[in-house]
Amino acid sequence: MTENTLTQAANACLQHHAVWLSRRETPCATEQTRQAAREYIRAHETVQTLSIRHWLSDFMHQHGAELTAILAPELIHIRSLPAYLQHRALDRATHHLCDALASWLAAGNEINHAQGCAVLNAVGVRPDAASRTDSQQK
């Protein structure tokens with residue numbers, strides 16, 4: 001994934017956001033507003049996914065060796081295992097990561113999204129709450 005792809009996704013998200021906001025101001029456009037809100041939310045989710053993948057890829061390039069060393073008891077010989085056992089080993093390793101993340105958050109550590117991707121910060125960390133409401137209205 002390139003930074004260019006993420007920028008393109010963010011631009012699309014901002015365009016969908018503008019369309020949704022303009023539909024909200026149009027009387028009697030409930031269905032159009034709902035559809036525009038859904039498209040905006042999907043576009044925002046794409047930006048989030050690409051951003052997370054980008055930052056995790058960078059993290060793994062910098063710290064992947066240390067992380068796999070920590071998870072070695074689950075991952076040792078993974079390449080020689082059948083596919084279903086590889087998936088099981090990865091599931092167990094993921095479980096350990098989830099536990100570690102939950103413990104870190106439970107300890108009161110702050111989530112500093114400002115250090116994250118500038119593109120994600122530009123579109124907002126989460127879609128507008130009103131867009132979720134609009135996407136569900138009938």
Side-chain angles (χ1 to χ4, degrees):
M1 196 255 337
T2 66
E3 190 69 31
N4 190 33
T5 304
L6 182 56
T7 301
Q8 291 171 342
N11 289 336
C13 180
L14 292 172
Q15 290 172 350
H16 284 293
H17 184 257
V19 169
W20 164 64
L21 288 176
S22 71
R23 295 286 194 282
R24 287 190 99 209
E25 297 173 4
T26 306
C28 303
T30 305
E31 184 55 37
Q32 289 180 356
T33 300
R34 181 174 40 248
Q35 182 62 28
R38 289 177 182 160
E39 289 174 9
Y40 160 57
I41 291 168
R42 278 193 298 273
H44 196 286
E45 288 169 349
T46 298
V47 174
Q48 286 177 323
T49 298
L50 290 173
S51 178
I52 290 168
R53 285 181 187 165
H54 174 78
W55 285 100
L56 284 175
S57 177
D58 283 355
F59 177 86
M60 290 305 293
H61 277 81
Q62 294 175 20
H63 305 287
E66 294 90 348
L67 183 59
T68 55
I70 292 166
L71 296 170
E74 298 294 355
L75 302 177
I76 198 80
H77 307 299
I78 192 168
R79 290 186 183 115
S80 64
L81 297 173
Y84 74 96
L85 289 178
Q86 287 180 5
H87 288 293
R88 183 67 185 118
L90 289 171
D91 285 344
R92 288 190 310 267
T94 301
H95 178 75
H96 294 298
L97 289 172
C98 287
D99 285 348
L101 182 58
S103 294
W104 191 84
L105 292 171
N109 291 298
E110 293 293 320
I111 299 171
N112 187 358
H113 72 278
Q115 288 181 340
C117 178
V119 172
L120 184 59
N121 290 332
V123 300
V125 176
R126 290 276 184 221
D128 296 5
S131 68
R132 296 220 182 262
T133 302
D134 285 354
S135 73
Q136 296 170 355
Q137 287 182 347
K138 295 193 180 207

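One is the number of the first residue; the rest follow in order along the sequence.
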Partner set under side-chain contact (heavy atoms from CB on, under 4.5 Å) for [X], not counting sequence neighbours:
X	value
A72	none
I70	none
P73	none
Q86	I78, L81

Do [X] and [Y] have side chains that get closer than 4.5 Å, going by heavy atoms?
X	Y	value
E39	V19	no
W20	H17	yes
L14	V123	yes

Under a single-linkage rule joining Ile, Leu, Val, Met, Phe, Trp and Tyr whose side-chain heavy atoms are separated by less than 4.5 Å, which residues share a cluster with I52? L56
What residues, two or more places apart in sequence or in another chain, satisfy side-chain hydrogen bond (donor to acceptor under 3.5 Å, both in side chains) together with [X]?
X	answer
N11	none
D99	H95
Q15	none

Please lay out, stage by stage, how T26 and T33 fare under the test side chain to side chain contact (heavy atoms under 4.5 Å, CB included). CA-CA 8 Å; T26 306; T33 300; 6.0 Å; no
Keeping to residues at least two apart or across chains, list the salt bridge (Lys or Arg N to Asp or Glu O under 4.0 Å) pairs with something in residues 69-82. E74-R92
Pairs where residues 120-129 contributes a residue and the test salt bridge (Lys or Arg N to Asp or Glu O under 4.0 Å) is met, not counting sequence neighbours: none
Go through the structure and list residues passing salt bridge (charged side-chain N to carboxylate O under 4.0 Å, His left out) with R24, not counting sequence neighbours. D134
Shortest non-hydrogen separation from [X] to [Y] and the atoms involved:
X	Y	answer
T46	A9	CG2-CB, 4.2 Å
A37	S135	CB-N, 3.7 Å
C13	H44	SG-CA, 3.6 Å
L75	A89	CD2-O, 4.3 Å

When rounded to the nearest 0.5 angstrom, what is the spacing between CZ in R38 and OG in S131? 12.0 Å
Sorted by chain and residue number, the ring-ring contact (aromatic ring centres under 6.0 Å, His included) partners of H63 (sequence neighbours excluded) come out as F59
Cluster overlap L90 with M60, hydrophobic side-chain contacts below 4.5 Å: yes
